[in-house]
Number of protein chains: 2
Amino acid sequence: MDKKSLSEDCLRNLRGIKDTQDLLSGKWKTSIIGALYHNGKFRFMELKRHIDGIAPKVLSKELKDLEMNRLITRKVRDTMPITVEYELTPQGKSLNKVINAMGEWGVRYRELMMKK
Amino acid sequence: MDKKSLSEDCLRNLRGIKDTQDLLSGKWKTSIIGALYHNGKFRFMELKRHIDGIAPKVLSKELKDLEMNRLITRKVRDTMPITVEYELTPQGKSLNKVINAMGEWGVRYRELMMKK
DNA sequence: CAGGATCCGGTTAGATACTG
DNA sequence: CAGTATCTAACCGGATCCTG
């Protein structure tokens, strides 16, 4: 194999990695998706409570990004006062392999680092 | 189940997700790991060539981050001129599930978006 | 070759206060 | 409740040039 160039397949895969990384960019998106995945739905403040330390402005912006990329939906229910529900789309749910892999790896990594 | 709190397991998992996300933060780390995973080893300039558009300073910094977190190793061989080889640690290799999941999802996501 | 030094602009994210 | 407004500091990443 030529050391200087990777195969077409690899390149496509690398581009996939980068695409995914870009969609999940920032400090919070994977946490948001993870939380929604575990719980199904969340309202704005619930989400905020579960994601430790996030500012409302930041959460709001992240949610908009995710919505734009069709990974979550935003549903306004005209209760009084209004409530808003965020939920994963099928597209967003299909990220579970990625998110789960991250969760499992992260847990194991932390354990390993503890031992040292 | 209480709507207001997630189980211990979920919380641990969410923390794992966040840990992983933090370790892979920035625009480039997953691409670097992906490239190393496919190829085994890379020298600095090889890596730079394969990662489209990255500046040397940035690549250098990303590599240091990864090394600090024990995901890659840096080996200097005293050839003339010196050459440096970067390689994944077992720890770094164990990220393959995450990286692969990202790659696969990204490829599928792109196809789906193309259709619309 | 493998990076470091420097300069710089844009984005990100945090705190706090405020609104419909 | 579900956000927006404002201000700021930090960081990120790019370009270019330089060095052992």
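Protein chains get the first letters and strands the later ones, always in sequence-line order, with residue 1 at the start of each.
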Subject >> Positions of residues 17-29 of chain B (non-hydrogen atom under 4.0 Å from DNA chain D), listed by number >> reply: Gly26(B), Lys27(B), Trp28(B)

Subject >> Euclidean distance, atom NZ of residue Lys48(B) to atom C1' of dG4(C) [Å, nearest integer] >> reply: 15 Å

**OP:** State which residues pass side chain to side chain donor-acceptor pair (under 3.5 Å) with Thr73(A); sequence neighbours excluded, sorted by chain then number.
**Re:** none

**OP:** Using atom CD1 of Ile54(B) as one end and atom C1' of dG14(D) as the other, report the distance to the nearest whole Å.
**Re:** 11 Å

**OP:** Mind running a 4.0 Å heavy-atom check of residues 57-71 of chain A against DNA chain D and sending the residues that fall below it, in number order?
**Re:** Lys57(A), Ser60(A), Lys64(A)

Original post:
In whole angstrom, what separates Ile82(A)'s CD1 from dT19(C)'s P?
Top reply: 17 Å

**OP:** Kindly write out the residues that satisfy salt bridge (charged side-chain N to carboxylate O under 4.0 Å, His left out) with Asp22(A), not counting sequence neighbours, or none if the list is empty.
**Re:** Lys18(A)

Donor-acceptor list for residues 95-108 of chain B side chains, cut-off 3.5 Å, not counting sequence neighbours:
from	atom 1	to	atom 2	distance (Å)
Asn96(B)	ND2	Tyr37(B)	OH	2.9
Asn100(B)	ND2	Asn96(B)	O	3.3
Trp105(B)	NE1	Ser94(A)	OG	2.8

Original post:
Rounded to the Å, how far apart are Leu47(A) CG and dA2(D) C1'?
Top reply: 12 Å

Subject >> salt bridge (Lys or Arg N to Asp or Glu O under 4.0 Å) contacts touching residues 66-82 of chain A (sequence neighbours left out) >> reply: Arg77(A)-Glu85(A)

Original post:
Looking at residues at least two apart in the chain, or sitting in another chain, which of them share a side chain to side chain donor-acceptor pair (under 3.5 Å) with Ser60(A)?
Top reply: none

Subject >> Whole-Å distance separating the CD1 atom of Ile51(B) from the C1' atom of dG13(D) >> reply: 14 Å

**OP:** Return the angle between end axes of the helix from dC1(C)-dG20(D) to dG20(C)-dC1(D), with five pairs used per end and rounding to 10°.
**Re:** 50°

Original post:
Looking at Arg43(B), does any N or O in its side chain come under 4.0 Å of the phosphate oxygens OP1/OP2 on dA2(C)?
Top reply: yes

Original post:
Distance check: side-chain N/O of Arg77(A) vs OP1/OP2 of dC1(D), anything under 4.0 Å?
Top reply: no

**OP:** Mind checking salt bridge (charged side-chain N to carboxylate O under 4.0 Å, His left out) for Lys61(A) and listing every partner two or more places apart, or none if nothing turns up?
**Re:** Asp65(A)

Original post:
What's the CZ-C1' distance between Arg74(B) and dC1(C), to the nearest Å?
Top reply: 12 Å

Subject >> Whole-Å gap separating C1' (dA2(D)) and CD1 (Ile72(A)) >> reply: 14 Å

Original post:
Given side chains that start at C-beta, do those of Ile32(A) and Tyr86(A) come closer than 4.5 Å, heavy atoms only?
Top reply: no

**OP:** Would you give the length of the straight line joining atom CD1 of Ile51(B) to atom NZ of Lys27(B), rounded to the nearest 0.5 angstrom?
**Re:** 12.0 Å

Subject >> Partner residues of Gln21(A) under the side chain to side chain donor-acceptor pair (under 3.5 Å) criterion, sequence neighbours left out >> reply: none

**OP:** Identify, with sequence neighbours excluded, every residue that meets side chain to side chain donor-acceptor pair (under 3.5 Å) alongside Asn69(A).
**Re:** none

Subject >> CG-CZ distance between Asp19(B) and Arg110(A), expressed to the nearest 0.5 angstrom >> reply: 4.0 Å

Original post:
Whole Å only: how far is the NZ atom of Lys41(A) from the P atom of dC1(D)?
Top reply: 18 Å

Original post:
Which nucleotide sits closest to the side chain of Val84(B): dG3(C), dC1(C), dA17(C)?
Top reply: dG3(C)

Subject >> Pro81(A), nearest nucleotide to its side chain (from dA15(C), dC1(D), dG4(C)) >> reply: dC1(D)

Subject >> Verdict with supporting geometry, Thr20(B) and Leu24(B), side chain to side chain contact (heavy atoms under 4.5 Å, CB included) >> reply: CA-CA 6 Å; Thr20(B) 307; Leu24(B) 301 181; 3.9 Å; yes

